[in-house]
Structure formats: structure tokens, C-alpha cells
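The sequence lines fix the lettering, A, B, ..., with proteins before strands; numbering per chain opens at 1. Computed from a prediction, not measured in an experiment: that's the story for all the values here.
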There are 2 protein chains.
Amino acid sequence: MLKTASDTDILFRRLHRSTGLSVADLEGLETLPVRIREFGRNETISREGDRVAHCLLVLDGFVMRFQDTRDGKRQILSFYVPGDIPDLQTLHLPTMDHSVASITPARLAMIPHAAIWDLCERNPLLARALWRETLIDASIARTWVRCVGRLSAHARVAHILCELYTRLDAVGLAEEPIPMPITQSEFGDAMGLSVVQVNRTLRDLREAGLITVQKRQMRLHDLARLQQVADFNPLYLHLDPAER
Amino acid sequence: MLKTASDTDILFRRLHRSTGLSVADLEGLETLPVRIREFGRNETISREGDRVAHCLLVLDGFVMRFQDTRDGKRQILSFYVPGDIPDLQTLHLPTMDHSVASITPARLAMIPHAAIWDLCERNPLLARALWRETLIDASIARTWVRCVGRLSAHARVAHILCELYTRLDAVGLAEEPIPMPITQSEFGDAMGLSVVQVNRTLRDLREAGLITVQKRQMRLHDLARLQQVADFNPLYLHLDPAER
DNA sequence: CGCTAGTTTGAAAAAACTCAATTGGCGTGG
DNA sequence: CCACGCCAATTGAGTTTTTTCAAACTAGCG
């Protein structure tokens, strides 16, 4: 198998799961010219205000997007796992309105916009699949607004855990113990909470027998009850094959 | 001028401003078959879980999207003004993951998905313009996450006022006094605050000489300082013609 | 004129934050 | 192999912000 084929394979699997499209439907994907870049932990990958000409496909590791505030706080806008394209929106909005950074050491494929445009022109099914991906990303952002705006600290933390579990499960990465390299401080920056509050909330969830989070791994002991606490409805992830 | 042409005219102007595309580029827009529906104040237009087959174009009035929480709270996810399409994402995600409702009496054009798909197939520039619209919508949602998650009550309220002003200005609706039919309770549900807090915050902003909000109208007396308080950077609205 | 929705204010309670200090795990250099 | 240093997790205590509850007030409308 060609190198590029193996690198875009995770993207194929992702789009296949999300849209039901077959190898034939997604024809051309393996021809995308990708350049691989490796990052260490906590490295900034692109910055608010940058004008970019490529998209990033996560091959390995966890990645996040964030915005800063004037007084030095940080809001994480989303987490990305292998198979995700954290900045697909730059395809049509090339100026970054937020920053992207690695959480863990990460391996990313950089795909030139021009190559994606070309391919989309020749393959409308792919164009549609990518558009759909950006719409799911938007749906997740909206749900975070609800989460941060109206849920209690307990519900917020439970919610992000449910989301990460569900998304990891969808790419086959949710075998227990589930890899969870996100620090409590990062959970706080994502859910609009302080580290202290995240810590106490995790303790409460642990003491309630719902979860174990330690050594960068997590176990969900009672998903149903966790989802209950989180007021979690997976609809917003649009993973259901019935909806296409 | 044909009825449909006049109804989609606001959409044309909107896409023209956003993308720079001309009448010729957006050819076919005026042929979209639209059905006009009128709503009173505070009417639900579509509901979380619904499966829809058309998009809504706001012709007149203010519209919002929202999600409820189990304990009866509500989070508003975005506001829409004339020229906006609040549910463009249903084009590829037909199951509503939130609800849409009118704020004021509103006149909406309902456009069948199939008609939009057809047109997009024949006119790739239009497809691209609509994709871009959904990406801006997503960018706004991300910025709301930051706003609700990390800004103080004062900054949040100032921020939403800056956003609404900027977006209304972009469609020529920001002549002072600026129409502002959104209630304090709705501002609260949008910014993750209680009515009481919104009220006190507006009072503070008024006493600081920044704004006047009354009788469903608002005046911004010192936009620069309001943006300062809001930590507002209009980049996320992607209105700059330089970026395309 | 009375009703209703929306705004305004006061006061007490709750949630979450900040500050500060301690603990634990892990990698690295001696 | 151990000690050191660093980052992350943990805990206590006091403070701040925001919420909740309750009650008035106001403006538009039939």
C-alpha cells in the first residue's frame, strides 16, 4: 500500500462511518498529497490570525482548538482525536479565528486546500461528506455552548467525558482503559471551570462509582448513570447511520 | 420582478456581501421555489428531533435556535436576523439537534433541500458560498463557547451587543436607534446568565455611558469602549472582504 | 382600565473561584 | 539507583460572582 494511502486510511474509515460512503464513492482520497508533521506535547500548531493553505488531519494523538481572552484565560473550543480534521473550515475561511495546539505528542497530515478543492470538484460525494463533517463540528460547538452556559459543574464534566467516550468509541479507541491524556486544567479550560472545581467534581463522580480517571486513562463504570448526570444526548454527534 | 426573486433577494445580497459573488455567479438563486410562512412572537418553528426537508430563510424578524436542559433551563445557541438561514446545516444533517423559534413576529421562506441540492450541483460557486455560510455559523458558535465559558457577565453582555450590532450593520439594519427586540431574559439564556444579572449588567453599562437599551431599541454611545469591555474581535464573523 | 410581559431592585443563598500549600508520579542527571 | 525537579493532582479556607427568591414597578395593549 502506498504511504499516502495508509495515511489517509484513517480519514477514509472516518468518512465511511460518518456517511456510509464506500471505497469507490470516496475515490481519489488516497491520491491526496500529504505532508506529515510531528509535534510534541503542548505545541502550538497554528495561531489565531494566521492565514493557512492546508488542512490538518490527525493521525495520532490528541489535538485541541482554543481562543485566549485578554486577561490571560484560555477557552478550549474542541478536542480532536485520530481521524478528525481540526481546521476543515479553513477550506473556505482561511484566516484562523482561533488557535490549534497538540495535547499529546501528535502526528498530523497536512493536506493542501487546493488538492482538496480539486478532489471535491471531481467527486461531489466527497465534497458532501466533508461539508457534513464541518456541520457536525458546528453541532458539537453548539452543544458546548449549552453545556458551558446552562449545566452544573458536575454535568459539564460528565458531559465532556461522555462525548469523548462516544467519539473515541466511534473510531475504535474506547477499549478500557480508555486513553485520556487531557489534564484537569484542560478539562477546566474546555468546560469553563477552574482546575480546583474540575478536581472536586471528578472526585465526586469517582466517589459515586461512575468513573475512574488516573494515569492518563479513564474507565466508565456506569455509562447510563453518567449520561444521566450529564444530561447527555448523543444525537448532536450525528453518528447514527439511520440519519444520512 | 417575480415574487420569488424578491423573496430570495435578501439572500442574494447576503451572499454577495459575504463572498463577493455577482448576480451572474449566483445564477439560479431566484428560481428557488419558496413557500412563505408567517409566525407570531415566540412561536416554535422546528423542534429538536424533527427530521426536516427544507431550510428556513429569515425575511423579516428575529429568530433564535436553542436547546433545553432536563431541569427546564434553556440555552439559546444563536440569534438570526433577516438574510440568515438558521438551519442551513439540515441540508446534510436533516435531524434537528436543537429547536428553532421566532423572537419577534417573523416572515420566513421555506426552501426545499432538494431544490438547494440541485442548484448547488449546477452552480458550484453557490455551493461554496452556502458551505461558507455554515462555517461562519460554526465560528460564531465557537466564539459563544469562549464568551460563556471564560468572560465575566459584563463582558458577555457587551459581547453579544457588539455581535448583534456588527451583524445588523452588515445587512444595513444598524441605523440608530437599532432595533433590539431581544428581552433581558433571552440575553440571559444566550449568555448563560440569570435575568437579574443581565439587568444589573445592562444598568452598569448604561451608567458607564456605553449604551442605552429601552423600548426594544438600542444605542451604542461608545462602540470602541464597548468592544474593549467585551474583549470583542470581529474576525470571527468573517465579514472582511479581504478574506475570501 | 386592568392585564400581561418585561424590567428593576433588595437580600440571602449557592456555586464556583482564588489563593496557598501539599502530595504524588515520573523522567533525568548525577 | 537515587535525588531532584517539574508537572499534575489534591485539599483547605476564605472570597467573589452569580443565582435564587420575592416583590415592586412600568409600558403596551385589548
Side-chain angles (χ1 to χ4, degrees), chain A residues 40-43 62 69 71-76 101-105 147-159 161 177 179-207 211-218 229, chain B residues 40-43 62 64 69 71-76 101-105 147-158 161 177 179-207 211-218 229:
Chain A
R41 313 179 40 250
N42 247 311
E43 279 190 62
F62 277 51
T69 63
D71 56 336
K73 289 177 187 161
R74 177 179 70 164
Q75 176 67 46
I76 293 175
S102 61
I103 291 177
T104 63
C147 199
V148 172
R150 281 293 180 237
L151 300 187
S152 68
H154 283 74
R156 286 187 226 178
V157 171
H159 200 282
L161 295 179
M180 189 41 62
I182 297 168
T183 65
Q184 294 184 0
S185 162
E186 286 159 348
F187 277 129
D189 284 344
M191 292 293 101
L193 297 168
S194 67
V195 205
V196 174
Q197 191 70 359
V198 171
N199 183 279
R200 288 178 175 142
T201 303
L202 284 171
R203 170 175 43 105
D204 292 347
L205 294 175
R206 179 178 358 108
E207 286 174 358
I211 60 164
T212 318
V213 183
Q214 53 176 209
K215 298 185 183 178
R216 307 181 163 271
Q217 296 178 330
M218 98 178 158
V229 169
Chain B
R41 315 179 40 250
N42 248 312
E43 280 191 60
F62 278 50
M64 65 178 177
T69 63
D71 56 337
K73 289 176 187 163
R74 176 179 73 163
Q75 176 67 45
I76 293 176
S102 60
I103 291 178
T104 62
C147 198
V148 172
R150 280 296 180 235
L151 299 188
S152 68
H154 283 75
R156 285 187 226 179
V157 172
L161 295 180
M180 189 42 62
I182 297 169
T183 66
Q184 294 183 1
S185 161
E186 285 159 349
F187 277 128
D189 283 345
M191 292 292 100
L193 297 168
S194 66
V195 206
V196 175
Q197 191 70 356
V198 171
N199 183 280
R200 287 176 177 145
T201 303
L202 284 171
R203 170 176 43 107
D204 293 347
L205 294 176
R206 179 176 1 104
E207 286 174 358
I211 60 164
T212 318
V213 183
Q214 55 175 211
K215 297 187 182 175
R216 305 183 164 268
Q217 296 179 331
M218 100 179 153
V229 169

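- Taking the side chain as every heavy atom from C-beta outward, A:V157 and A:D204 never approach each other to under 4.5 Å.
- B:M64 has its side chain within reach of B:R74: a pair of non-hydrogen atoms, C-beta onward, lies under 4.5 Å apart.
- With rounding to the nearest 0.5 angstrom, the CG atom of B:L193 is 9.0 Å from the OG atom of B:S152.
- For DNA chain C, the contact window with chain A, defined by any atom under 4.0 Å from a protein heavy atom, covers C:dA16 to C:dC19 in 5' to 3' order.
- A salt bridge links A:D189 with B:R150: the distance from a Lys NZ or Arg NE/NH1/NH2 to an Asp or Glu carboxylate oxygen falls below 4.0 Å.
- Contact of the A:L202 side chain with the A:L161 side chain is registered, since non-hydrogen atoms from C-beta on lie closer than 4.5 Å.
- One distance of note links CD1 of A:I76 with CD1 of A:I103; it measures 6.0 Å at 0.5 Å rounding.
- Here the side chain of A:S102 pairs a donor or acceptor atom with the backbone of A:G40 at under 3.5 angstrom.
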Nucleotide by nucleotide, nucleotides 7-24 of chain D touches protein heavy atoms under 4.0 Å in the pattern (B base, S sugar-phosphate only, - none) -SSBBBB----SBBB---

